[in-house]
Amino acid sequence: MSRNPSFSELRALLDEVARRYEKARAGYEFDFGEEIEPFLKDNEETVMSIRNMKTDFRFNAATREKAEEEFMELLMACHMRRFSKKVYREKYKFLNMWLAHAEREALF
């Protein structure tokens with residue numbers, strides 16, 4: 001069942017990814033079965049709802065697909081202490097920029 005994404009849901013999820021990444025970088029070890037797997041299951045539909053967003057000249061179908069892929073990667077990678085801080089920041093910045101654009105242009 002497809003649904004329309006919500007800016008507040010995606011923004012909150014991106015904030016949670018940041019919180020978890022900082023926790024992992026500080027040395028916390030997430031348990032896959034107890035913490036990571038449920039987090040992924042609970043949030044996959046929210047991320048996949050990006051494909052239902054409207055597009056415009058800048059946020060086109062290819063960018064929308066890339067945003068979905070980057071978000072899914074961050075959902076997993078935010079739990080790994082060794083995930084490159086540089087790569088994390090690039091992905092986070094990319095998602096943050098497009099979420100802001102989509103909100104500003106009413107693409108939700």
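When a residue number appears, it is its place in the shown sequence, counting from 1.
Around CZ of Arg104, the count of heavy atoms belonging to other residues, nucleotides or ligands within 6.0 Å exceeds 12. Counting non-hydrogen atoms of other residues, nucleotides and ligands closer than 6.0 Å to CZ of Arg19 gives a total above 12. Taking a 6.0 Å sphere around CD of Glu29, one finds it holds 12 or fewer heavy atoms contributed by other residues, nucleotides or ligands.
For the atom pair CG of Asp42 and CD of Glu37, the computed distance is 10.5 Å after rounding to the nearest 0.5 Å. One finds the CG atom of Asn43 at 10.0 Å from the CG atom of Leu10 (value rounded to the nearest 0.5 Å). Here the SG-CD distance, from Cys78 to Glu22, works out to 11.0 Å after rounding to the nearest 0.5 Å.
Within the 4.5 Å cutoff, no side-chain heavy atoms of Arg11 are placed close to those of Glu103. At least one side-chain heavy atom of Leu13 sits less than 4.5 Å from a side-chain heavy atom of Leu75. Proximity of Phe108 to Leu99: side-chain heavy atoms (C-beta onward) are separated by under 4.5 Å at one or more points. Contact annotation: the side chain of Phe83 approaches that of Lys91 to within less than 4.5 Å [non-hydrogen atoms, C-beta and beyond].
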Evaluate the side chain to side chain contact (heavy atoms under 4.5 Å, CB included) criterion for residues Thr46 and Phe71: first the C-alpha distance (whole Å), next the side-chain angles of each, then the deciding distance (0.1 Å), finally the verdict. CA-CA 10 Å; Thr46 299; Phe71 219 137; over 6 Å; no
Step-by-step salt bridge (Lys or Arg N to Asp or Glu O under 4.0 Å) determination, Glu65 to Arg51: CA-CA 7 Å; Glu65 185 176 321; Arg51 68 183 56 168; over 6 Å; no
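Shown here are the ring pair (Phe, Tyr, Trp, His ring centres under 6.0 Å) partners of Tyr88, two or more places apart in sequence or in another chain: Tyr21, Tyr92.
Closest of all the heavy-atom pairs between Ala67 and Leu95 is O-CD2, 3.3 Å. For the pair His101 and Arg58, the tightest heavy-atom approach, listed with the atom from each and the gap, is ND1-NH1, 3.4 Å. Closest approach of Ala100 and Phe7 over heavy atoms only: N-CE1, 4.5 Å. Counting all heavy atoms, side chain and backbone alike, Met53 lies closest to Arg64 at O-NH1, 2.5 Å. Across Phe59 and Lys54, no two heavy atoms sit closer than the pair CD2-O, 3.7 Å. Listed here is the closest heavy atom pair of Ile36 and Met76: CG2-SD, 4.0 Å.
Glu16 contributes no side-chain N or O that, together with a main-chain N or O of Ala12, makes up a donor-acceptor pair within less than 3.5 Å.
With 3.5 Å as the limit, one finds a donor-acceptor pair spanning the side chains of Asn60 and Thr63.
No option in Arg20, Arg81, Glu35 other than Glu35 meets the side chain to side chain donor-acceptor pair (under 3.5 Å) test with Tyr28.
Checked against the 6.0 Å centroid threshold, Phe32 and Phe30 do not count as a close aromatic pair.
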